[in-house]
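Remarks on the structure that follows.
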Number of protein chains: 2
Amino acid sequence: MKSIDPYDYWTLKTIKRIMGKNPWISLSSRELGEKLSVSQQSASRIILKLIDKGFLQRKIKDRRQNLSITDAGLDILFYEMNDLASVLEIEKTMEIRGNVISGLGEGRYYISRKSYIIQFQEKLGFIPFLGTLNVKIDPENEGKLRRLRNSTGIHIDGFVTDDRTFGPVKAFLGSIEGLQCAAILPERSVYSDVLEIISPFYLREKLKLSDGASISLFVNI
Amino acid sequence: MKSIDPYDYWTLKTIKRIMGKNPWISLSSRELGEKLSVSQQSASRIILKLIDKGFLQRKIKDRRQNLSITDAGLDILFYEMNDLASVLEIEKTMEIRGNVISGLGEGRYYISRKSYIIQFQEKLGFIPFLGTLNVKIDPENEGKLRRLRNSTGIHIDGFVTDDRTFGPVKAFLGSIEGLQCAAILPERSVYSDVLEIISPFYLREKLKLSDGASISLFVNI
DNA sequence: ATTACTAAGACCCGAGTAG
DNA sequence: TCTACTCGGGTCTTAGTAA
């Protein structure tokens, strides 16, 4: 993540406050200007800058604009949240709820790469069972997932083999029903609502989880 | 809390990150300038401004400055933390640990005022036992206490009687050992490490708490 | 080394106004 | 009304430099 402009952050936070849960909001530059204590002209300029940077998107209809914050824009806010929490040393265990879904076996392929496995043992303290548990996160936990995506986590180096490149990933230690596990995410933000979980245990069997089973994951951020 | 200047917040966060847990830090304007990506001159100017606003204090020795963030400065950071958490709708229950101490009976006097009691019933949903449980918060939970101080909480109006004025306070619902309670703080920041707890129950007796007893309080922020 | 003043240039803001 | 351009004025930044 490249460094954030404080004013971009500030403006996005203000817009997000106005939006609440709405993905789109009708917001004139005058109204935004009032919230930010700047003129309509400045607000207009600021909006254009944020659109240019990819943090906002806009639809104009009948001379009135509707605004939406992009994923990149939300990243700014959640990144700041994590940054501030870390500066203030507010440690956090989050509960994230979701449902077990069946993966495509890709996860198993990835995590069985030797370079990953060595690092899992060194940095997470366990050798994972050769397969991942795929958890589709409940929509109402989307914010928590975004926080996770914007957290640093435990860095796992990428590597290259003869045929292809395996990117760097990050891991978050946690537990499911008291059993040790870790959530694995690519280091470059991918906006998926599925989390891949690894564990020294075969969670599916040990916890008798079938597809669709509702589970609660605790992760340390 | 009057509105925050984004740059003040940004600078204080940067300084706090450098400080970690140290109350004082030797930090030249050049070093700060690098962290903020501004010149030494600008960093110097920014420091003077923050001192002028009461967010920083400084000792200069042999032409090198030592900086410390004041309580007012920390308030900026914790306020922002709460604001951002509320904008992102990250709900939060905090566990705060401390020890029971004996109060001066003042709490009992305050909360037995009729205007307060009516509001407690209306806004908290219970009529408190006529006395407060005073909890001295563990130093390592100071950050959580600061967060509480900078949260809005449930507003309880102040009022005046013939003899004196009772200020507005704010309440945070929570529980101790599963028993319903609320932490009460004056609305104007007072930097005390003692929390006053009210509850429909006589907590001291019900939980058999003697002075010095270690307790764990869960509060909703 | 420091901190911080001065001065000049860069940048930002908002009034006026067009579309 | 709306958005957003131009441009004059003011603020902020930094190079030079003193202490």
Side-chain angles (χ1 to χ4, degrees), chain A residues 2-19 22-70 73 76 80, chain B residues 2-19 22-70 73 76 80:
Chain A
K2 55 185 183 297
S3 78
I4 296 176
D5 177 333
Y7 273 131
D8 289 351
Y9 157 67
W10 205 259
T11 308
L12 287 168
K13 187 184 73 168
T14 303
I15 294 174
K16 175 67 178 155
R17 176 181 293 123
I18 298 166
M19 290 178 63
N22 301 90
W24 286 90
I25 190 100
S26 169
L27 181 67
S28 73
S29 48
R30 173 164 300 284
E31 289 161 346
L32 179 59
E34 273 166 26
K35 298 287 183 183
L36 292 172
S37 303
V38 297
S39 66
Q40 170 269 321
Q41 292 86 341
S42 289
S44 172
R45 201 158 10 84
I46 289 169
I47 289 170
L48 289 174
K49 187 186 69 178
L50 290 175
I51 291 171
D52 184 54
K53 289 188 178 182
F55 299 147
L56 278 184
Q57 52 186 145
R58 178 165 72 161
K59 295 177 191 160
I60 301 192
K61 245 187 193 163
D62 299 330
R63 294 194 161 162
R64 188 160 175 95
Q65 64 194 352
N66 280 27
L67 295 177
S68 175
I69 302 180
T70 63
I76 299 277
E80 187 61 22
Chain B
K2 55 184 183 301
S3 76
I4 295 176
D5 177 334
Y7 272 132
D8 289 350
Y9 156 68
W10 205 260
T11 307
L12 288 167
K13 188 185 71 168
T14 303
I15 294 174
K16 176 67 177 154
R17 176 182 293 123
I18 298 167
M19 289 178 65
N22 302 89
W24 286 91
I25 190 101
S26 170
L27 180 67
S28 73
S29 48
R30 172 163 301 283
E31 289 160 346
L32 179 60
E34 275 165 25
K35 299 285 183 185
L36 293 172
S37 303
V38 296
S39 66
Q40 170 271 320
Q41 291 87 339
S42 288
S44 171
R45 194 165 21 79
I46 290 168
I47 290 170
L48 289 174
K49 186 187 70 178
L50 289 175
I51 291 170
D52 185 55
K53 290 188 176 181
F55 299 146
L56 278 184
Q57 52 187 143
R58 176 165 72 162
K59 296 177 190 160
I60 301 191
K61 246 188 194 160
D62 300 329
R63 293 194 160 164
R64 190 163 174 93
Q65 65 193 353
N66 281 26
L67 294 177
S68 176
I69 301 180
T70 64
I76 299 276
E80 187 62 21

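To find a chain, count down the sequence lines: A is the first, B the second, and so on, and within it residues start at 1.
Counting to the nearest Å, the C1' atom of D:dT6 and the CZ atom of A:R45 are 12 Å from each other. Between the CD1 atom of A:I47 and the P atom of C:dG14 there is a distance of 14 Å, given to the nearest Å. Atom CZ of A:R64 is separated from atom C1' of D:dA4 by 16 Å (rounded to the nearest Å). Atoms CD (A:Q41) and C1' (C:dC12) sit 13 Å apart, rounded to a whole Å. Atom NZ of B:K59 and atom P of C:dT2 are 20 Å apart (whole Å). Between the P atom of D:dT3 and the NZ atom of A:K49 lies a distance of 18 Å, rounded to the nearest Å. Between the CD atom of A:Q40 and the P atom of C:dC12 there is a distance of 18 Å, given to the nearest Å. Distance, A:Y7 OH to D:dT11 C1': 11 Å, rounded to whole Å.
The shortest side-chain heavy-atom distance between A:S29 and A:Q65 falls under the 4.5 Å cut-off. By the 4.5 Å heavy-atom criterion applied to side chains, A:L56 and A:T70 are not counted as neighbours. Considering only heavy atoms from C-beta on, A:K53 comes within 4.5 Å of A:K49 through its side chain. Looking only at side-chain heavy atoms (C-beta outward), B:M19 and B:L67 stay at 4.5 Å or farther from each other.
Applying the 4.0 Å criterion to OP1 and OP2 of D:dT3, one finds that A:Q65 has a side-chain N or O inside that range. An OP1 or OP2 oxygen of D:dA18 is reached within less than 4.0 angstrom by no side-chain nitrogen or oxygen of B:R63. Look at A:R30 and you won't find any side-chain N or O under 4.0 angstrom from OP1 or OP2 of C:dG14. Considering only side-chain N and O atoms, A:S42 lies under 4.0 angstrom from the phosphate OP1 or OP2 of C:dG14. Contact annotation: B:S29 reaches the phosphate of C:dT3 (side-chain N/O to OP1 or OP2, under 4.0 Å).
Each end of the helix from C:dT2-D:dA19 to C:dG19-D:dC2 gets its own rotation axis from five pairs of C1' atoms, and the angle between them is 40° to the nearest 10 degrees.
Comparing D:dT14, D:dC2, C:dT2 against the side chain of B:V38 picks out D:dT14 as the nearest. Closest approach to the A:L48 side chain among D:dT14, C:dC5, D:dA4 is made by D:dA4 (side chain taken as heavy atoms from C-beta onward). When distances run from any side-chain atom of B:R58 to the nucleotides D:dT3, C:dA4, D:dT14, the shortest one goes to C:dA4.
Side-chain contact check for B:R17 and B:T14: no donor-acceptor pair (N or O, by modelled atom type) lies under 3.5 Å.
Atom CD1 of residue A:I46 and atom CH2 of residue A:W10 lie 13.0 Å apart, to the nearest 0.5 angstrom. Atom-to-atom distance recorded for A:S68:OG and A:L27:CG is 12.0 Å, nearest 0.5 angstrom.
Among the atoms of the strands shown, only primed sugar atoms or phosphate atoms (P, OP1, OP2) are found under 4.0 Å from some heavy atom of B:S28.
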